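If you're wondering where the values come from, they're calculated on a predicted model, not measured in any experiment.
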Amino acid sequence: MSHQTSLPTEERTGAEPVDRGSVLELFDKLGTVVVPVAVGLYALLYMGFESVYDTFGITPEQAGLDQAGILGRLVTTLVVLFLALLPLGGMLVGAAWLFDRMTRGTAGRAIAWAREKPWPAAAVAALLSGSAYWGLLNGLEVTGTPVPVTVVAVALLGFLVPYRLLRARPVGRAGTRVLTSAFVGIGMGFVLVSWMTEGAEDIHANGNGNLVLQLAGFPNQWAAVRDGDGKAVSRERWLVLGQDGGSYVFYDCGRMTTVRRPIEATILTDVELDPDFTEGGTKQARRCGHALSTPSGSRSRG
């Protein structure tokens, strides 16, 4: 009786090898990228909140913001960032696919070759990790030639060899993805922190913030403040920073001081969120003197 050896399905049919990956594997790889980015962003955005309130001489806790409150605001910010970056990522994938088609697959094969080679892959990961230092230098207002030179030097001298050694094993390759993603998230966070700080300084100067500060949930709210008898406390409106321990926390831009007043002895009128002190760009915003530049401010003189 003759025996016939069974051939694998791919050899018998001539079909392409079956992809042995799974949806769980895909989500696992995505998780090693998305989660570190989100953690890095959260950590830096929390620092951004501290920087924003430090502009007005207080801490977030003194404005009534605890960890849970900040977490809720930052989750909203992360969701908005995800929605904004998702189409951008899709456009990059589409552009890469189109370029691969135009080169008749040469670009795709070159990328696949580079991914398999340890040194090119480690170099790309090192440069991406250097983005954290790019964001840090921008946050420190360092501009010009020193920024890219510093980033490249840190990437090549500090990350290249360790990443090359990590890629020797599968666990090391997964660790490289996690570390690189975390550094990318930190770099993005430093950029957002600098924008938040710029918005806070803008509010400190003339009352107008920026979009990033709004998305982060900072309430740019101004109100005319009166005492319990209805008498105006100030000729100008104050920035309402929050409330804590039975007291309102205000920023008096005219005197450039932070003021606390008991809630039961304070009446807020002419409350306005994100006001336009330039009246649609027709006037130049003055430093402080916010209430005097708007009709509602004239009503707060009492």
Side-chain angles (χ1 to χ4, degrees), residues 21 25-51 74 77-78 81-82 84-86 88-93 95-97 99-100 106-197 212:
E25 257 185 290
L26 176 62
F27 277 105
D28 179 60
K29 290 183 178 181
L30 287 175
T32 58
V33 174
V34 175
V35 173
V37 170
V39 171
L41 274 173
Y42 172 78
L44 268 296
L45 287 175
Y46 184 83
M47 183 188 299
F49 263 100
E50 292 184 330
S51 176
L74 293 184
T77 306
L78 292 176
L81 285 174
F82 174 76
L85 293 176
L86 188 60
L88 179 61
M91 292 172 61
L92 292 176
V93 171
W97 174 84
F99 183 70
D100 183 54
T106 302
R109 289 191 294 271
I111 293 175
W113 175 85
R115 288 182 59 186
E116 295 299 325
K117 301 299 180 181
W119 283 110
V124 172
L127 290 175
L128 287 175
S129 298
S131 65
Y133 295 88
W134 190 296
L136 174 62
L137 292 174
N138 284 333
L140 296 175
E141 298 183 355
V142 178
T143 58
T145 305
V147 175
V149 172
T150 303
V151 170
V152 172
V154 169
L156 296 181
L157 300 178
F159 294 111
L160 181 60
V161 174
Y163 282 166
R164 167 61 183 88
L165 297 176
L166 283 173
R167 291 193 62 84
R169 295 183 178 181
V171 175
R173 289 194 287 271
T176 300
R177 283 200 302 269
V178 173
L179 288 174
T180 303
S181 302
F183 278 117
V184 169
I186 291 172
M188 295 172 59
F190 273 123
V191 174
L192 292 175
V193 166
S194 65
W195 288 347
M196 290 173 65
T197 305
V212 175

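- Remark: side-chain polar atoms of Ser51 are not paired, donor with acceptor, to backbone N or O of Met47 under 3.5 angstrom.
- Closest heavy-atom contact between Pro36 and Ala182: CB-N, 3.6 Å.
- Taking CZ of Arg169 as the start and OG1 of Thr176 as the end, the distance is 13.0 Å to the nearest 0.5 Å.
- Smallest separation of non-hydrogen atoms from Pro118 and Arg167: O-CD, 3.8 Å.
- Heavy-atom minimum distance, Phe190 versus Ala132: CD1-O, 3.6 Å.
- Sorted by first and then second residue, the side-chain hydrogen bond (donor to acceptor under 3.5 Å, both in side chains) pairs involving residues 148-160 (not counting sequence neighbours) form an empty list.
- Of all heavy-atom pairs spanning Val147 and Leu137, the tightest one is CA-CD1, 3.9 Å.
- Judged as a side chain to side chain contact (heavy atoms under 4.5 Å, CB included), and not counting sequence neighbours, the contacts of Leu45 are Leu74, Thr77, Leu78, Leu192, Met196.
- Panel note: side chain Ser131, backbone Leu128; a donor-acceptor pair is recorded below 3.5 Å.
- Note that CG of Asp100 and OG1 of Thr106 are 8.0 Å apart. Values are rounded to the nearest 0.5 Å.
- Scanning both residues, Ala126 and Leu160, for their nearest heavy atoms gives CB-N, 3.9 Å.
- A parallel orientation is assigned to the rings of Phe159 and Tyr163, their planes being inclined by less than 30° (bins at 30° and 60°).
- For the pair Val151 and Tyr133, the tightest heavy-atom approach, listed with the atom from each and the gap, is CG2-C, 4.2 Å.
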